[in-house]
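One structure is given here, and the rest of the page talks about it.
Numbering of ligands and ligand atoms starts at 1, following listing order. We count residues from 1, following the sequence as given.
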Amino acid sequence: KLVADRYLKRELLGEGTYGVVFKAIDTKTRKTVAIKKIRLGKYKEGVNFTALREIKLLKELKDPNIIELIDAFPHKGNLHLVFEFMESDLEAVIRDRNIVLSPADIKSFLQMTLQGLAYCHKKWVLHRDMKPNNLLIAADGQLKLADFGLARIFGSPDRKFTHQVFARWYRAPELLFGTKQYGPGVDVWAAGCIFAELLLRRPFLQGISDIDQLGKIFAAFGTPKPSQWPDMGYLPDFVEYQHVPAPSLRSLFPMASDDALDLLSKMFTYDPKARISSQLALDHRYFLSIPAPTKPELLPRPP
Ligand code: ADP
């Protein structure tokens, strides 16, 4: 009855980008886990020896703000990835109308997000698909990044799936211009979008197509000048846009502190080479100025 001689399968938790996720009990540790079943058929050539070796690397990623990959094994033609079980996610927090997020709470959520990112970026692992429902929240209030490195192993999620549409809102301009040599800056841009979403309590840049997404970005920050982003013109899908001036960031985020706005503008720098890194973002004065970030165990969460 046990899966892989170890896991007691429980109810279905949901369906995601790569397959279904179900709850299970790990009989070895007696802990509750979430098992992600990845359909191998669909990613036939993807899940080869290299993929399994990369998954082994993901198992080595251990940080309080990264969801732990406990185990990985093939079973009945599916690849099974076993993760620690998480109570909730940041999307549920942001959408819950009964939850008030104080400036200290927002600072805490962003700090934990950036800590997880900085740990992985230091090891040259990118997330590539950051969005609020990938930021899971543990019973002790710790925020943990989920699905690290999976986009690279299994390919970009299939955009035909409707639930994937939302990932577009977090996509960096260089990805929308078709760059093939993206770096950790794509995750920092996405973290900036999540920071903005925590402040606004709604997604910041809601494009309805990839072109429209660029339009939303340009409307918010102005069209990038070649001096701001020298390599822009060489990107595969680059197209000239009609110039639009940038409104002040202050007018878009009237409630944010000056420090918050300064960090936000550095995370939304067009040129990925000039964009702030996750580590330097953590060192920004926003995290030193009052209010101090809320302790994880005191953060508000959905019932
Ligand atoms: P997506 O690809 O859309 O981000 P996932 O495949 O990560 O979705 O997850 C699908 C569903 O499974 C999620 O909506 C979430 O509710 C649940 N889930 C995923 N990982 C975990 C986990 N570690 N603990 C608890 N629930 C999880």
Side-chain angles (χ1 to χ4, degrees), residues 3 6-26 29-43 46-47 51 55 58-59 61-73 75 78-96 112-113 116-117 120 125-171 186-187 190-191 193-194 197 203 296 301-303:
V3 176
R6 178 166 169 184
Y7 303 100
L8 206 56
K9 202 167 159 180
R10 289 281 183 261
E11 73 270 22
L12 185 76
L13 287 171
E15 178 143 18
T17 314
Y18 303 105
V20 295
V21 181
F22 57 87
K23 198 172 182 172
I25 311 293
D26 183 350
T29 62
R30 299 161 136 256
K31 281 187 181 159
T32 307
V33 294
I35 302 187
K36 193 168 280 194
K37 255 168 85 170
I38 296 179
R39 296 172 293 253
L40 282 189
K42 232 173 155 288
Y43 301 93
V47 182
I55 283 170
L58 294 185
K59 276 166 95 174
L61 296 178
K62 288 206 169 98
D63 182 83
N65 300 114
I66 301 295
I67 183 159
E68 191 188 339
L69 175 56
I70 297 165
D71 196 7
F73 56 88
H75 180 73
N78 292 310
L79 180 62
H80 288 59
L81 302 180
V82 182
F83 296 98
E84 48 181 324
F85 179 80
M86 304 288 278
E87 304 270 311
S88 187
D89 62 64
L90 194 62
E91 186 179 29
V93 172
I94 292 172
R95 302 282 173 273
D96 189 329
M112 293 190 282
T113 303
L117 275 186
C120 289
V125 177
L126 306 186
H127 191 290
R128 176 64 177 75
D129 193 27
M130 295 263 296
K131 50 192 171 175
N133 72 341
N134 266 339
L135 307 183
L136 304 184
I137 295 174
D140 64 359
Q142 283 286 342
L143 177 149
K144 294 170 190 258
L145 311 196
D147 287 352
F148 236 102
L150 293 190
R152 194 182 114 109
I153 300 175
F154 301 110
S156 305
D158 193 336
R159 275 171 231 173
K160 274 176 284 184
F161 288 126
T162 44
H163 65 262
Q164 252 312 114
V165 177
F166 306 107
R168 179 190 304 121
W169 300 340
Y170 307 92
R171 205 159 283 153
V186 300
D187 292 336
C193 296
I194 292 163
E197 190 164 333
R301 57 186 104 164

So, [X] side chain and [Y] main chain: donor-acceptor pair closer than 3.5 Å or not?
X: N134; Y: D129; result: yes
X: H127; Y: A146; result: yes
X: D26; Y: K31; result: no

Can you list the atoms of ligand 1 that are under 4.0 Å from a heavy atom of [X]?
X: A34; result: 21 (C), 22 (C), 23 (N), 24 (N)
X: L13; result: 25 (C), 26 (N)
X: I67; result: 23 (N)
X: F85; result: 24 (N), 25 (C)
X: N134; result: 4 (O)
X: V21; result: 6 (O), 9 (O), 10 (C), 12 (O), 18 (N), 19 (C)
X: M86; result: 22 (C), 23 (N), 24 (N), 25 (C)

Legend entry - Heavy-atom nearest neighbour of atom 20 (N) of ligand 1 within options V33, V20, L136: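 The residue whose heavy atom sits nearest atom 20 (N) of ligand 1 is L136.
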Legend entry - N or O pair under 3.5 Å between E15 and ligand 1: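 By distance alone, the answer is no.
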Legend entry - Heteroatom distance test (G19, ligand 1): nitrogen or oxygen, under 3.5 angstrom: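 No, there is no polar N/O contact under 3.5 Å.
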Inset, instruction - Could you see which bit of E87 sits under 4.0 Å from ligand 1, with heavy atoms only: side chain, backbone, both or neither? - result: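 No part of E87 comes within reach of ligand 1.
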Inset, instruction - Run the contact test for K23 against ligand 1 with a 4.0 Å cut-off on heavy atoms, strictly below, and give the result. - result: no
Legend entry - Test log, rule salt bridge (charged side-chain N to carboxylate O under 4.0 Å, His left out), inputs E84 and K144: CA-CA 10 Å; E84 48 181 324; K144 294 170 190 258; 3.7 Å; yes
Inset, instruction - Could you grab the distance from atom CD1 of I66 to atom CD of Q142, nearest 0.5 Å is fine? - result: 11.5 Å
Inset, instruction - Look at the aromatic rings of H80 and F22 and report parallel, tilted or perpendicular, splitting at 30° and 60°. - result: perpendicular
Legend entry - Counterpart residues, salt bridge (charged side-chain N to carboxylate O under 4.0 Å, His left out), relative to K9 (two or more places apart): none
Inset, instruction - Apply salt bridge (charged side-chain N to carboxylate O under 4.0 Å, His left out) to D71 and list each qualifying residue two or more places apart in sequence or on a separate chain. - result: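 If we apply the salt bridge (charged side-chain N to carboxylate O under 4.0 Å, His left out) test to D71, skipping adjacent residues, the hits are R6.
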